[in-house]
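To keep things clear, I will list the structure first and then write my remarks on it.
Excluded from the calculations below are hydrogen atoms, water molecules and symmetry mates; all remaining heavy atoms, backbone and side chain alike, are included.
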Amino acid sequence: MKKQLLIVSVLMCSFVCTHVFSQQKKEKIESLNEIVVTATKFETNKKNVGKIVYKITQETIENNQGRTVVDLLNDVPGVEINGNFSTKGQNLGYYIRGGRNRQVAILIDGVNVNDPSSFNADFDLRQIDINQIESIEVLKGASSTLYGSGAATGVINIILKKSSKDSFAGTFTTSVGTNSSSENPKFSGEEFSTNFNFNGTLGKVDYLLALNANGSSGLSAAESTTDIPFEEDNFARQNVLLKVNYAVNDKLKIGLLSSYDEFSTDFDGFDFDPVTFASIPADRENNSKSVQKRVGLNADYSYKKGELKIRTFLTEIDRNESPSNDFFYGEVYGFDVYNNYKFNNQFSFLVGFTSQFQDMIQKTSFSTIEEGSGKQHFYDPYISFNYFSESGFNLNAGTRLNMHSEYGNNFVFNVNPSYNFKISENDFKVFASYSTAFVAPTLSEIFTKLPTIDELLPEEDITIEGGFDLDLGDKININATYFYREETNKIGFDPTTFQTINDFGTFLARGLETEISYKASQKLRLLANYTYIDRDENLLLKIPQNKFFIKADYSLFPQTFTSLSYRFVDETKDFGNVDLASYSLVDFFINHSLLENKVIFYGSITNIFNENFQEIAGFTTRGRNYNIGLRIKF
C-alpha cells in the first residue's frame, strides 16, 4: 500500500508539474530577496547570507490555521520532530541533521529559551501558540559563534507578532477536532483550542496580549497489545504572553516581554518481560505538571552607523511528576548585549557579550540535587565580521569564547564565504562554511555525575557544508546543501551506572537537504523537499535516513485556500534495537474567508488513509482525524 501511494504521488506531481510549467509567468517567488535576522543577528538580505535560512512566513501561518508550530517545523527539510504524531503529551525529539534535542538552540525574538535544568536542555515547543507568532526562521549547522551552547545542529528562532498601528486590534480563534488512533477511530470532539490575541499602538506604546488554552483526551499514550484499549491520557495547557514596547524617541525603544505557561499531561510506561527482558508498553496512572514563568527587559538603540541591542531574561521552571513525586525546579537569568556597527555598505562587525546564571533543585528516586548545590554560570564574549561586496562575494567570520564555571574555557569560530552570480538574469548563490559549536552539560548532568568522573566536558562539534540557492526566472527556487559533521566528547549515558558520561571518540553525521518551490500562478504553488541522513546505526535511533515531503497549495476560489501534502518517513529503530517501520501520511487543509478576511473558517483531515505506524516503540500515534475551526478578526 505504501509503495502504491508513493507511486501515485509521484505520478500526480509529474502531471501537475508538466501542466503548470506551460502556464504564463505572473508572479515572482520571494527567495533571495527576503530579509532574515537569525544568520547574522541583524536584518540581512538572504542573498548576502552564506547559508540556507528557511523562513516560515506569516502568509504560511495564515494559510495553515489549525496547525501547530511543530507541524510547520516538521515540513522543513533536515528537521524531524519525533512524537508530533503521537498524543499531545508525548515528549518531543528534535532531530536536526542527525542530532538530538540538546544540539538545537530555540530562541524567542532572538533570546535563547532552552532549559538547562531539563534532561535535554531543550524548550518544549508545545508551550508557544502559533497565533502568537509572526514568523519562524530555521538556521541549520553549527552556530555557537552567535548563539552559544546548543547551537550545534540548528537554531529555531520564533519571532513574535508585531503590534497593529491601530489603537486596538485582535483575533479570536477556536477549534475542535477528533483525537483517535487508526485502530480505534472515533468521531467525537476530544481536542480543542481557544486563543485570544489583543494588540495595538497607543501613542509611544505598543502592546501584545495573547491568551491560549488547549487540551485533548481520547487517546492512551501507550498502545495496547490486546483488543482492550488502555485508559485515555489527558493533556491540558494554558498560556499567557504579554509584550509591551515604549518608544522613548526615534532612536531608543525599551520593552518588556513576559509569559506564563502551564501544562499537565498523563503518561504511560513500560513493564519488562521476566524471561526476555524486553520492554512491554503498560497502562500507568502517571501525571506530569509543568509551570514556566519568563520575563525579560529589552532595549534597542539605533544610531547613524549601527544599532545596539540589550536583552535580559529571567526564567523560573517548576516540574513535578506523580505518583513518583519526582520534583525539578530550575532558575535561569542572564543577558545578551550586542552592537552592530557599519563602517560602510560593504563592511560591518558585530560585537557582543552574554552571560547566564543557572540554579536547580532535583529530587528523584535516582538522584538528588539539594538547594544551593546545583549552580553554574558562564560569560561569553563574541565577535562577528560581515563583508558584502558589490561584486557578489560575501564573507561572514566570527569567534566566541565560552568561560564556564565548571569546565573552564571553550573556543568556537566560523568562516562562511558565499558568492552571488547572475546567470541569464537568474539569481544564483553558492556557499560554503566551516563552523564549530559546543553543547554544555546540563545542571542535572554535572551535579549528579559519579565521584569517579572528575569533570563532564562539553560536547564539541565541527560542521562543514556547501551548497547553492537558485532562482530560475520569477517562479522557481531550488536549493541544496551537503553537510558533514563530527561530534567529540559526546554526552551519553552509561546503562550500567545510570549516569551521564562523555563518550570519547569521534561520531560522524553527513547528509543532503534539497528543496524545490514552484509558483505556477496566483492560484497554485508546489513545493517538494528531500532529506538524507547518514550516520552510525546506533546513533540513528528514531532518526529516519530518508524523508520526503511534497505539498500543493491551491486557491480554489479567491477566498478559499486549500493544501494537500504527502510525507514519507523512512524506517528506523528505537532503543532495544526495535524496528520502526516506514510510514506515509497524506493531509488536507482548507480555509475560507468572509467579510474581507474578518471571518475565517478552516478545517483539516490528517492521515487521510488512516496509516497505522509508530514513532516511538510501543506508543500510540494518531490515525485519521478531523478538525474544524473559526477565526474572527476585530
Side-chain angles (χ1 to χ4, degrees), residues 34-35 37 42-43 55-66 69 107-111 113 127-137 157-175 193-214 238-261 293-303 307-314 558-559 561 591-602 629-634:
E34 283 185 315
I35 300 298
V37 297
F42 59 93
E43 290 189 351
K55 187 170 183 177
I56 300 171
T57 65
Q58 180 61 204
E59 180 185 6
T60 300
I61 294 171
E62 290 284 341
N63 287 335
N64 286 271
Q65 291 295 316
V69 174
L107 320 174
I108 296 180
D109 278 352
V111 176
V113 292
Q127 298 200 52
I128 186 162
D129 189 79
I130 193 69
N131 292 288
Q132 301 167 355
I133 297 172
E134 179 71 25
S135 63
I136 306 171
E137 294 181 1
N157 187 13
I158 298 169
I159 300 168
L160 297 176
K161 276 191 172 179
K162 296 178 175 61
S163 301
S164 170
K165 298 298 182 182
D166 297 330
S167 60
F168 179 79
T171 59
F172 166 71
T173 307
T174 185
S175 67
S193 177
T194 301
N195 175 273
F196 290 92
N197 186 314
F198 309 104
N199 63 92
T201 302
L202 299 170
K204 293 186 176 183
V205 177
D206 65 79
Y207 64 92
L208 166 67
L209 173 63
L211 311 172
N212 175 265
N214 57 58
Q238 298 82 40
N239 160 264
V240 180
L241 182 144
L242 175 65
K243 180 180 178 182
V244 181
N245 294 306
Y246 175 69
V248 179
N249 50 46
D250 292 339
K251 295 182 177 181
L252 177 62
K253 177 184 283 189
I254 57 176
L256 166 73
L257 175 63
S258 63
S259 65
Y260 177 90
D261 301 277
K293 305 171 187 175
R294 302 178 186 274
V295 64
L297 294 174
N298 310 314
D300 293 351
Y301 178 72
S302 59
Y303 54 98
E307 188 174 21
L308 171 68
K309 292 181 181 287
I310 301 173
R311 301 289 182 263
T312 67
F313 49 89
L314 170 63
Q559 293 80 31
F561 173 87
N591 67 61
H592 180 75
S593 61
L594 299 172
L595 303 176
E596 298 181 341
N597 293 326
K598 296 291 186 181
V599 178
I600 299 175
F601 296 95
Y602 60 89
L630 169 68
R631 188 179 193 202
I632 301 174
K633 297 181 181 180
F634 48 87

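Looking at every heavy atom in both residues, Gly203 comes nearest to Thr201 through O-CG2, 3.6 Å. Shown here for Ser164 and Asn199, the closest heavy-atom pair between the two residues is N-OD1, 2.8 Å. Considering all non-hydrogen atoms of both residues, Leu308 and Tyr303 come closest at N-CE2, 4.2 Å. When all heavy atoms are compared, the tightest approach of Gly110 to Asn157 is N-OD1, 3.2 Å. Among all heavy-atom pairs drawn from Gln132 and Ile128, the shortest one is OE1-CG1, 3.5 Å. The nearest pair of heavy atoms linking Leu630 to Tyr602 is N-CE2, 3.6 Å.
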Show me the donor-acceptor pairs within less than 3.5 Å that the side chains of residues 252-259 make with the rest of the protein, sequence neighbours left out.
none

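Each of Val69, Ile56, Ile108 was scored for a side-chain contact (heavy atoms from CB on, under 4.5 Å) with Ile133, with one residue passing: Val69. Just one residue in the list Asp129, Asp261, Asn195, Asn214 forms a side-chain hydrogen bond (donor to acceptor under 3.5 Å, both in side chains) with Asn239, and that residue is Asp261.
One distance of note links CD of Gln127 with CD of Gln238; it measures 11.0 Å at 0.5 Å rounding. The CD1 atom of Ile35 sits 12.0 Å away from atom OG of Ser135, with the distance rounded to the nearest 0.5 Å. Distance check, rounded to the nearest 0.5 Å: CZ of Phe601 to CD of Gln559 gives 13.0 Å. Here the straight-line distance linking atom NZ of Lys243 with atom CG of Leu208 works out to 6.5 Å at 0.5 Å rounding. Here the CG-CD1 distance, from Leu107 to Ile158, works out to 8.5 Å after rounding to the nearest 0.5 Å.
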Under the side chain to side chain contact (heavy atoms under 4.5 Å, CB included) rule, what do Arg294 and Leu314 come out as? Steps first, then yes or no, please.
-> CA-CA 6 Å; Arg294 302 178 186 274; Leu314 170 63; over 6 Å; no
Passes side chain to side chain contact (heavy atoms under 4.5 Å, CB included), Asn212 versus Asn197? Steps please.
-> CA-CA 9 Å; Asn212 175 265; Asn197 186 314; over 6 Å; no
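Electrostatic pairing of Arg311 and Asp109 does not count as a salt bridge here, judged by no charged N lying under 4.0 Å from a carboxylate O.
Contact check for Phe172 versus Arg631: no side-chain heavy atoms found under the 4.5 Å cut-off. Taking the side chain as every heavy atom from C-beta outward, Asn131 and Gln65 approach each other to under 4.5 Å. The closest side-chain heavy-atom distance from Phe168 to Phe634 is below 4.5 Å. A 4.5 Å side-chain heavy-atom check between Ile136 and Thr57 finds every atom pair outside the cut-off. Counting heavy atoms from C-beta outward, Val205 and Asn245 have side chains that stay 4.5 Å or more apart.
Between the side chain of Thr171 and the main chain of Ile632, no donor-acceptor pair closer than 3.5 Å is present.
Remark: Asn64 engages Thr60, Arg67, Leu72 in a side chain to side chain contact (heavy atoms under 4.5 Å, CB included) (not counting sequence neighbours). Leu209 pairs by the side chain to side chain contact (heavy atoms under 4.5 Å, CB included) definition with Phe198, Leu211, Val240, Leu242, not counting sequence neighbours. Applying the side chain to side chain contact (heavy atoms under 4.5 Å, CB included) rule to Gln58 yields the partners Ile61, Glu62, Glu134, Lys161; only residues at least two apart in sequence or on another chain are considered. With sequence neighbours left out, Tyr246 forms a ring-ring contact (aromatic ring centres under 6.0 Å, His included) with no residue at all. Applying the side chain to side chain contact (heavy atoms under 4.5 Å, CB included) rule to Phe313 yields the partners Val111, Val332, Gln356; only residues at least two apart in sequence or on another chain are considered.
A donor-acceptor pair shorter than 3.5 Å cannot be found between the side chains of Asp300 and Asn298.
Heavy-atom neighbours of Lys633 NZ from other residues, nucleotides or ligands within 6.0 Å: above the threshold of 12. Counting heavy-atom neighbours within 6.0 Å of Asp250 CG, excluding the residue itself, gives a total of 12 or less.
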